[in-house]
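A short write-up of the structure that comes next.
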Amino acid sequence: MKKLVIACAAVLAACGGSENVGDDAAVDASSPLDAIADVASEASAIDAPVDSPKPSDGGSCGTRTGKRGLTSRTLTMQTAPTTRTYLVYLPATLDPTKPVPLVVVHHGYTMSGASMQVITQYDDLADAQGIAVAYPDGEGGPNSLGAPWNVGPGNCASYEGAVPDATGDDIGFDEAIRADVEQDQCVDEKHTFVTGFSMGGYFSHHIGCMRPDFARAVAPHSGGTHDFSTCAPGHEPVIVFHGDSDIVIPEACDDGAVAQWIAKNGCQQTADVVNVQGGSCSYYQGCPADGQVAYCKFSGLGHAWAGGAADGGPFSNPNYASATQLEWAFFQKYAW
C-alpha cells in the first residue's frame, strides 16, 4: 500500500495559495440560508436523492440502440494513444431517445475507471437521478504507472515532486466518449459535467479552465492546477474538495486553485459556510449566475474520496459527507 501511495504522490506539484480565502461567515445547516443548507442536508448520504431529477434540453433524439447497464468500450482515436478505453453506466430506466445529463469521472495516478466506479458510487446516483456516467481510463490504460491525463504544464507540486503531464488529447477523448455514448443514449450536451480524483482532480481543473464550452461545471477532488493566465474566457461553476490530512497532494494546491477560480469568475472573497459530516463547504458570495465557486474541506481526511464506498480501498473514506452527492447537488443548483 505504501508503494501505491508514493506512486500516487508523483502526480502533483507546489503551488502557493492561502490557507483561507477571505473571511468566511460560518452558518449552521439550520440557518435561514435555506438554499445552501438544502445542498448540505440533501448530500449527507449516498442513497438519499439530492433533488428531483431536472429536465434536460433537446427533446426527443430519435432512434438509439439503448444498451443498458455497465459496459466497457474501446475507442479509436486520431491522436496518440490511438486506442482508449472507458466504462459507461446507463440505468435501465432511461429512455434512449430522451436527453439525459452525462457525468465523466476521472481517476487518479495508478488507478482506473473501474476503481472510480466502485469508490464514487456514481452508479447509485445515476439510478436515482436518471443520468449517464462515464469512467475513462487514462492514457496508459487501467492501473498504468504512466501519467494518465494531459493536465497542462506548471501544475502545483505534490509532496513528492512535479506533476507528470501526459501528451495525448484527453479533452478530445472526453468529447469522443460523449459522442460514443450518444450511439446508445441521447445525451444532453448542455449538461455534461466533469469530476475527478487526485490527478483526475488536476484534469478537472484543467478542462474547466480550457474548455468551459464542454464541461457545464467541474468538481475536482484532492487535486490542484496551473496558472490560469491561459484559460479560455468566461465563467465556470466549480466545487472543489480536499482533506486537510492529505499526505500526497498539499491542501494548499486546491487553496490556490480556488483563489484562481474566485478571481476568474468574479466572486467575492467572503463565503457562506455550511457544516457537513467531517468538514464544511464554503459557497463564495457575489459569484455570477454562471460561475458559482464552492470549496469543501474535510478535517482528518487523507488522500481519499470523501464519502466513498466502504470497500473502495485506500483512496475511499466512507466516514465523511459524500462528495458524489455534494457535487451533484451543486450541479443541479448552480449549473442548470
Side-chain angles (χ1 to χ4, degrees), residues 5-24 26 106 108-109 147 149 151-165 195-210 218-231 236 238-265 267-271 273-274 276 278-284 287 292-306 314-315 317 320-321 323 326-327 330:
V5 170
I6 291 173
C8 285
V11 245
L12 336 302
C15 247
S18 60
E19 292 185 1
N20 294 294
V21 181
D23 298 320
D24 294 344
H106 299 83
Y109 197 64
W149 311 112
V151 296
N155 279 282
C156 183
S158 74
Y159 285 114
E160 293 294 321
V163 178
D165 187 19
T195 186
F197 172 71
S198 192
M199 195 168 182
Y202 278 86
F203 183 69
S204 301
H205 280 298
H206 181 62
I207 197 171
C209 159
M210 304 303 295
V218 295
H221 197 312
S222 303
T225 193
H226 48 68
D227 181 78
F228 271 14
S229 61
T230 59
C231 285
E236 178 82 347
V238 55
I239 183 168
V240 180
F241 305 89
H242 215 114
D244 68 4
S245 297
D246 194 326
I247 63 171
V248 178
I249 304 176
E251 181 185 8
C253 282
D254 267 333
D255 289 347
V258 169
Q260 290 197 92
W261 281 115
I262 288 170
K264 186 179 191 303
N265 286 357
C267 304
Q268 297 173 7
Q269 298 291 322
T270 54
V273 181
V274 175
V276 297
S280 63
C281 295
S282 297
Y283 295 80
Y284 286 87
C287 296
Q292 180 65 51
V293 177
Y295 190 12
C296 297
K297 291 189 178 186
F298 298 99
S299 177
L301 177 66
H303 196 61
W305 187 271
F315 303 125
N317 192 321
Y320 291 86
L326 282 165
E327 64 189 36
F330 179 88

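Residue numbers run from 1 in the order of the sequence given.
In this view, Asp244 satisfies the side chain to side chain donor-acceptor pair (under 3.5 Å) rule with no residue, not counting sequence neighbours. Legend: residues meeting ring pair (Phe, Tyr, Trp, His ring centres under 6.0 Å) with Phe203, ordered by chain and number and at least two apart, are His106, Trp149. Contacts of His206 classified as ring pair (Phe, Tyr, Trp, His ring centres under 6.0 Å), with partners at least two apart in sequence or in another chain: His226. Applying the side chain to side chain donor-acceptor pair (under 3.5 Å) rule to Asn265 yields no partners; only residues at least two apart in sequence or on another chain are considered. In this structure, the side-chain contact (heavy atoms from CB on, under 4.5 Å) partners of Cys287, at least two apart in sequence or on a different chain, are Cys267, Tyr284, Gln292, Val293. Remark: Ser204 pairs with no residue by the side chain to side chain donor-acceptor pair (under 3.5 Å) rule, at least two apart or across chains.
Using bins of under 30°, 30° to 60° and over 60° for the plane-to-plane angle, the ring pair Phe197/Phe315 lands in the tilted bin.
Taken from OG in Ser198 to NE2 in His221, the straight-line distance is 10.5 Å, to the nearest 0.5 Å. Note: Thr195 OG1 to Phe330 CZ = 11.5 Å, rounded to the nearest 0.5 Å. Atoms NZ and CZ, from Lys264 and Phe228 in turn, are 7.5 Å apart once rounded to the nearest 0.5 Å. From Lys297, atom NZ reaches atom OG of Ser282 across 7.5 Å, with rounding to the nearest 0.5 Å. For the atom pair Asn317 CG and His303 NE2, the distance stands at 13.0 Å (nearest 0.5 Å).
The side-chain heavy atoms of His205 and Val151, taken from C-beta on, include no pair separated by under 4.5 Å. The closest side-chain heavy-atom distance from Ile249 to Tyr202 is below 4.5 Å. Looking at heavy atoms from C-beta onward, Leu326 lies in side-chain contact with Cys281 at the 4.5 angstrom threshold. Looking at heavy atoms from C-beta onward, Met199 lies in side-chain contact with Val163 at the 4.5 angstrom threshold. With a 4.5 Å cut-off on side-chain heavy atoms, Ser222 and Phe241 do not count as touching. Using a 4.5 Å heavy-atom cutoff, the side chains of Val276 and Tyr320 are not in contact.
Closest approach of Ala219 and Glu327 over heavy atoms only: CB-OE1, 3.2 Å. The shortest non-hydrogen separation linking Cys231 to Met210 is CA-SD, 4.2 Å. The minimum heavy-atom distance between Pro314 and Ala304, with the atom names listed, is O-CB, 4.0 Å. For Gly208 against Trp261, the heavy-atom pair with the smallest separation is C-CH2, 3.6 Å. Here the shortest heavy-atom pairing between Gly201 and Pro220 reads O-CB, 3.4 Å. Heavy-atom minimum distance, Gly152 versus Asp165: N-OD1, 3.3 Å.
In this structure, the side chain of His242 does not engage the main chain of Cys253 through any donor-acceptor pair within 3.5 Å.
Looking only at atom types and distance, the side chain of Tyr295 has a donor-acceptor partner in the side chain of Asp255 under 3.5 Å away.
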